[in-house]
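Working notes, beginning with the structure itself.
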Amino acid sequence: MTDMFLEKFRALVPKYLEDEWQEEDGLPAEELDAALAEHQFQVPLVLREFYLAVGGCEDIMEAYHYFWDPEELEVDDEGFLMFLEDEEEQFTWGFRVGDLSIPDPIVYRRNNARGQWKSEEGTFSEFVFDMFEWAFNDEDEDED
């Protein structure tokens, strides 16, 4: 299987952290596969490649939002695989379980207070690149 997103995710490190991507920025495939094997669900290709590329890079994994470690992934009662939370735990992001076989599925956001899921109207890769653009550029503006 070819890597569809791996290099694009690895490029997040030099783009936002001004450092070269290092092997330890990603999770080793064996470690990731062992963590994911614990679950009763598969993860989309794009999420697997995200972990392989930057799953070990705390500055990326915890930039205003917290990506869950692979062993912490879970499916809620409404059928969404949750993978991300904001700092204040007001929102959680996930995929519909029915979409997990799609390489780059649409992301949904849950308002935790109301428990309602709403489409972000973008795929995981689109969402992640937009989110980091916002997170890191917002941080730069604060320093001015």
Side-chain angles (χ1 to χ4, degrees), residues 1-76 78-112 116-144:
M1 181 183 319
T2 60
D3 298 324
M4 293 175 65
F5 309 99
L6 196 61
E7 291 307 317
K8 290 178 183 172
F9 290 140
R10 285 180 178 166
L12 293 169
V13 173
K15 181 173 184 177
Y16 295 118
L17 305 182
E18 298 174 8
D19 198 5
E20 286 184 36
W21 181 87
Q22 306 286 321
E23 193 91 12
E24 56 271 10
D25 289 330
L27 294 178
E30 307 75 38
E31 184 181 309
L32 177 60
D33 291 341
L36 295 176
E38 302 289 319
H39 301 304
Q40 301 299 313
F41 51 80
Q42 69 176 55
V43 300
L45 174 67
V46 70
L47 185 58
R48 183 179 193 291
E49 290 188 7
F50 180 78
Y51 285 125
L52 290 172
V54 295
C57 182
E58 210 171 281
D59 290 336
I60 294 287
M61 296 294 287
E62 297 181 2
Y64 285 99
H65 294 68
Y66 298 99
F67 282 91
W68 298 9
D69 291 333
E71 58 275 1
E72 296 171 341
L73 296 173
E74 65 179 274
V75 174
D76 75 351
E78 295 179 53
F80 286 86
L81 170 60
M82 302 174 292
F83 62 82
L84 177 71
E85 237 173 357
D86 68 319
E87 282 183 305
E88 292 84 32
E89 298 181 5
Q90 295 177 333
F91 299 99
T92 303
W93 286 265
F95 306 113
R96 287 181 189 222
V97 171
D99 294 344
L100 296 180
S101 63
I102 298 170
D104 192 12
I106 297 291
V107 171
Y108 289 80
R109 181 183 71 189
R110 180 180 72 192
N111 179 312
N112 291 337
Q116 297 172 318
W117 286 95
K118 181 180 180 230
S119 173
E120 289 281 34
E121 298 182 10
T123 64
F124 179 86
S125 61
E126 293 167 333
F127 170 79
V128 164
F129 294 129
D130 288 349
M131 185 192 79
F132 287 126
E133 186 73 28
W134 167 82
F136 286 99
N137 286 334
D138 188 48
E139 196 175 271
D140 292 344
E141 289 169 14
D142 290 345
E143 293 171 6
D144 291 340

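Side chains included, hydrogens not; waters and symmetry mates left out as well; all remaining heavy atoms used. Along the sequence shown, residues carry numbers from 1.
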Report summary line: Output for pair (Tyr66 OH, Asp86 CG), nearest 0.5 Å, gives 9.5 Å
Report task. Working to the nearest 0.5 Å, report the span between CG of Leu12 and SG of Cys57. Result -> 9.0 Å
Query - Positive for ring pair (Phe, Tyr, Trp, His ring centres under 6.0 Å) with Phe50, one of Phe5, Trp68, Phe67 - result: Phe67
Requested in this report: Apply the test side chain to side chain contact (heavy atoms under 4.5 Å, CB included) to residues Tyr64 and Glu87: give CA-CA distance (whole Å), side-chain angles for both, the deciding distance (0.1 Å), then the verdict.
Outcome: CA-CA 6 Å; Tyr64 285 99; Glu87 282 183 305; 3.8 Å; yes
Query raised in the report: Is it true that a side-chain atom of His39 and a backbone atom of Val75 form a donor plus acceptor pair closer than 3.5 Å?
Result: no
Query raised in the report: Do Asn112 side-chain atoms and Glu89 backbone N/O form a donor-acceptor pair below 3.5 Å?
Result: yes
Query raised in the report: Taking only residues two or more places apart in sequence, or in another chain, which ones meet Gln116 in a side-chain contact (heavy atoms from CB on, under 4.5 Å)?
Result: Arg114
Query raised in the report: Between Trp117 and Asn111, does a side-chain hydrogen bond (donor to acceptor under 3.5 Å, both in side chains) hold up when you go through it step by step?
Result: CA-CA 7 Å; Trp117 286 95; Asn111 179 312; over 6 Å; no
**Report entry** Candidate pair Val107 and Phe95, rule side chain to side chain contact (heavy atoms under 4.5 Å, CB included), full reasoning
**Finding:** CA-CA 5 Å; Val107 171; Phe95 306 113; 4.0 Å; yes
Query raised in the report: Is a side-chain donor or acceptor of Glu85 paired with a backbone partner of Phe91 at a separation under 3.5 angstrom?
Result: no
Query - Interatomic spacing from CG in Asp19 to CG in Asp25 - rounded to 0.5 Å - result: 7.5 Å
Query raised in the report: What residues form a side-chain contact (heavy atoms from CB on, under 4.5 Å) with Ile102, not counting sequence neighbours?
Result: Asp99, Pro105
Report summary line: Here the gap from Leu81 atom CG to Asp76 atom CG, rounded to the nearest 0.5 Å, amounts to 9.0 Å
Report task. Could you pull out all residues at least two apart from Lys15 that satisfy salt bridge (charged side-chain N to carboxylate O under 4.0 Å, His left out)? Result -> Glu133
Query raised in the report: Do Leu100 and Phe41 have side-chain heavy atoms sitting under 4.5 Å apart?
Result: yes
Query raised in the report: Got a donor-acceptor contact below 3.5 angstrom from the Glu49 side chain to the Met4 backbone?
Result: yes
Report summary line: Hits for side-chain contact (heavy atoms from CB on, under 4.5 Å) against Glu7, two or more places apart or cross-chain, chain-then-number order -> Arg10
Report task. Indicate yes or no: at least one non-hydrogen side-chain atom of Tyr108 is less than 4.5 angstrom from one of Arg96. Result -> yes
**Report entry** For Pro70, the option from Val43, Leu47, Asp33, Leu36 that meets side-chain contact (heavy atoms from CB on, under 4.5 Å)
**Finding:** Leu36
Query raised in the report: Once you round to the nearest 0.5 Å, how far does CD of Glu71 lie from CG of Leu32?
Result: 9.5 Å
Requested in this report: Decide yes or no on side chain to side chain contact (heavy atoms under 4.5 Å, CB included) for Trp93 and Met82, but give the supporting numbers first.
Outcome: CA-CA 6 Å; Trp93 286 265; Met82 302 174 292; over 6 Å; no
Enumerate, atom names and distances included, each donor-acceptor pair closer than 3.5 Å involving a side-chain atom of residues 121-130, sequence neighbours excluded.
| residue | atom | partner | partner atom | Å |
| --- | --- | --- | --- | --- |
| Thr123 | OG1 | Asp104 | OD2 | 3.1 |
| Thr123 | OG1 | Ser125 | OG | 3.4 |
| Thr123 | OG1 | Glu126 | N | 3.4 |
| Thr123 | OG1 | Glu126 | OE1 | 3.3 |
| Ser125 | OG | Asp104 | OD2 | 2.4 |
| Glu126 | OE1 | Thr123 | N | 2.8 |

Report task. Give, for atom CG of Leu73 and atom CG of Leu84, the distance between the pair rounded to the nearest 0.5 Å. Result -> 11.0 Å
Report summary line: Sorted by chain and residue number, the salt bridge (charged side-chain N to carboxylate O under 4.0 Å, His left out) partners of Arg109 (sequence neighbours excluded) come out as none
Report summary line: Smallest heavy-atom separation, Ala29 atom then Arg48 atom, equals CB-NH2, 4.3 Å
Query raised in the report: Between the main-chain N or O of Glu72 and the side-chain N or O of Asp69, is there a donor-acceptor pair closer than 3.5 Å?
Result: no
Report task. Identify the heavy atoms of Ile106 and Ser119 that sit nearest to each other, and give their distance. Result -> CG2-OG, 3.5 Å
Requested in this report: Please step through side chain to side chain contact (heavy atoms under 4.5 Å, CB included) for the pair Phe132 and Asn137, ending with a clear verdict.
Outcome: CA-CA 8 Å; Phe132 287 126; Asn137 286 334; over 6 Å; no
Query raised in the report: Heavy-atom count around Glu18 CD within 6.0 Å, excluding the residue itself: above 12?
Result: no
